[in-house]
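First comes the structure, then the notes that go with it.
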Amino acid sequence: MPPATDAAPQPGQRGLALAGAGIVVTGAGSGIGAALATRFAAAGARVVVNDLDAGAARSVADRIDGYAVPADAAVEVDVRRLVDTARHWLGRIDLFCANAGVSVGGGLDSPDEAWDQSWQVNVLAHVYAARALLPHWLAAGRGRLLVTASAAGLLTMLGGAPYSVSKHAALAFAEWLRATYAHRGITVQALCPQGVRTPMLARAEGFSSALLDAGAISPEEVAESVVAALDGDRFLILPHPEVAQFYARRATDPDRWLHAMNRIQQRLEAGEG
């Protein structure tokens, strides 16, 4: 088991020193999760790689000299096993990246199974992680949770009701954690990218693909944004800077925002027709 080092953050520090830090990344077999794990390891962190796909987790872990723990981030007993195993291997968990997610498109036609899956993976996975992590972190007076939400959680995603609604809920849970535990040394941050060139985007169809393709960035660019944000403690991490402007417009004039979104919807429908 790699020993914990003195490089870990001390109570009261705003940033996280990656060298020597113990980090867990869920959904790290590909996409953003793999990029995060790779970037953290390059900075000297000790990384536990989690994914539902055991082969993918091991492949990434082997490449970065990390430790693979295959598990389902949407099953609480699996999450507790992941956290216990990671704590044993790392000595402590300085940062937990709750990154696993699913993208389910559709609207009112989406079956209940799609809503259930979106809720389990995109929301309850974060709840399970927090339940497993917080007792140790609160006792130590420090800990950092990174929730991968989405710009869809700040704005919306036309053509993807289960995804949009569940990402709003993920963001709301992250906000609640931050407001509840910040004074006790717990830093919670929400990663909210728009389009990212991942297998998830490649599988997107219709409206989602049309809206996100043009401005899509690489997972590695997202990882760089995260590393920069870990140097401080700001809540929102926005790899696409324009999202901040969109979010402000939505908040200050929701009627105008919704009217504009509906116009986009109409144009997309006309284009598909």
Side-chain angles (χ1 to χ4, degrees), residues 8-9 16 21-29 31-34 36-37 40 45-54 57 60-61 66-103 116-150 153 166-182 184-192 222 226 229-230 233 235-237:
L16 173 69
I23 300 177
V24 180
V25 185
T26 69
I32 293 173
L36 289 173
F40 294 153
R46 299 164 299 125
V47 183
V48 168
V49 178
N50 160 261
D51 201 274
L52 184 61
D53 183 332
V60 173
Y67 188 76
V69 183
D72 189 341
V75 175
E76 187 163 18
V77 67
D78 276 21
V79 175
R80 291 195 175 277
R81 177 173 58 83
L82 167 62
V83 169
D84 289 344
T85 302
R87 188 174 288 118
H88 177 76
W89 192 77
L90 296 169
R92 64 169 177 267
I93 299 171
D94 298 307
L95 168 64
F96 189 98
C97 299
N99 173 76
V102 294
S103 177
D116 289 343
Q117 182 189 32
S118 297
W119 183 254
Q120 291 290 330
V121 181
N122 293 345
V123 183
L124 287 183
H126 304 311
V127 177
Y128 299 152
R131 284 177 180 169
L133 292 161
L134 263 292
H136 286 268
W137 281 353
L138 290 172
R142 65 174 183 244
R144 186 174 294 240
L145 176 66
L146 176 70
V147 171
T148 299
S150 168
S166 60
K167 288 298 186 179
H168 271 74
L171 182 67
F173 181 62
E175 288 178 333
W176 182 87
L177 287 172
R178 177 75 174 234
T180 303
Y181 295 107
R184 299 181 66 181
I186 309 304
T187 300
V188 181
Q189 294 173 287
L191 173 60
C192 298
V222 176
V226 170
L230 292 176
D233 64 356
F235 178 65
L236 290 178
I237 304 176

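The side-chain heavy atoms of Leu82 and Val48, taken from C-beta on, include a pair separated by under 4.5 Å. With contacts defined as side-chain heavy-atom distances shorter than 4.5 Å, the pair Ile186/Thr180 does not qualify. By the 4.5 Å heavy-atom criterion applied to side chains, Val25 and Val60 are not counted as neighbours. Looking at Thr187 and Arg178, their side chains come closer than 4.5 Å, going by heavy atoms from C-beta outward. By the 4.5 Å heavy-atom criterion applied to side chains, Phe96 and Val83 are counted as neighbours. Using a 4.5 Å heavy-atom cutoff, the side chains of Leu177 and His126 are not in contact. Using a 4.5 Å cut-off on side-chain heavy atoms (C-beta onward), Asn122 and Val102 make contact. A 4.5 Å side-chain heavy-atom check between Val226 and Leu191 finds at least one atom pair inside the cut-off.
Atom CG in Leu36 sits 6.5 Å away from atom OG1 in Thr148 (nearest 0.5 Å). The line from OG1 of Thr85 to OH of Tyr67 is 6.5 Å long, rounded to the nearest 0.5 Å. Between the CZ atom in Phe235 and the CD atom in Glu175 there is a gap of 4.5 Å [rounded to 0.5 Å]. To the nearest 0.5 angstrom, Gln189 atom CD is 4.5 Å from Ile237 atom CD1. Summarising the geometry, atom CG belonging to Asn50 is positioned 11.5 Å from atom SG belonging to Cys97; distances are rounded to the nearest 0.5 Å. Here Ser166 contributes atom OG and Gln117 contributes atom CD; the two are 9.5 Å apart, rounded to the nearest 0.5 Å.
Nearest heavy atoms, Val49 versus Ala57: CG1-O, 3.6 Å. The two residues Val24 and Ala86 have their closest heavy-atom pair at CG2-CB, 3.5 Å. The heavy-atom pair separating Ala125 from Ala73 by the smallest distance is CB-O, 3.0 Å. Gly66 approaches Trp89 most closely through the heavy-atom pair C-CH2, 4.1 Å. Counting all heavy atoms, side chain and backbone alike, Pro70 lies closest to Arg81 at O-NH2, 3.2 Å. Val188 approaches Ala174 most closely through the heavy-atom pair CG1-O, 3.6 Å.
Applying the salt bridge (Lys or Arg N to Asp or Glu O under 4.0 Å) test to Asp233 and every residue at least two apart in sequence or in another chain returns Arg14.
Classification of the Trp176-Tyr181 ring pair by plane angle, with boundaries at 30° and 60°, yields perpendicular.
Just one of Val121, Asp78, Asp51, Thr26 meets the side chain to side chain contact (heavy atoms under 4.5 Å, CB included) condition when paired with Asp72; it is Asp78.
For CZ of Phe173, the number of neighbouring non-hydrogen atoms (other residues, nucleotides, ligands) closer than 6.0 Å is greater than 12.
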Less than 3.5 Å apart, which donor and acceptor atoms pair up between the side chains of residues 128-139 and the rest of the protein, not counting sequence neighbours?
| residue | atom | partner | partner atom | Å |
| --- | --- | --- | --- | --- |
| Arg131 | NH1 | Glu76 | OE1 | 3.1 |
| Arg131 | NH1 | Glu76 | OE2 | 3.3 |
| His136 | NE2 | Arg87 | NH1 | 3.4 |
| Trp137 | NE1 | Ile93 | O | 2.8 |

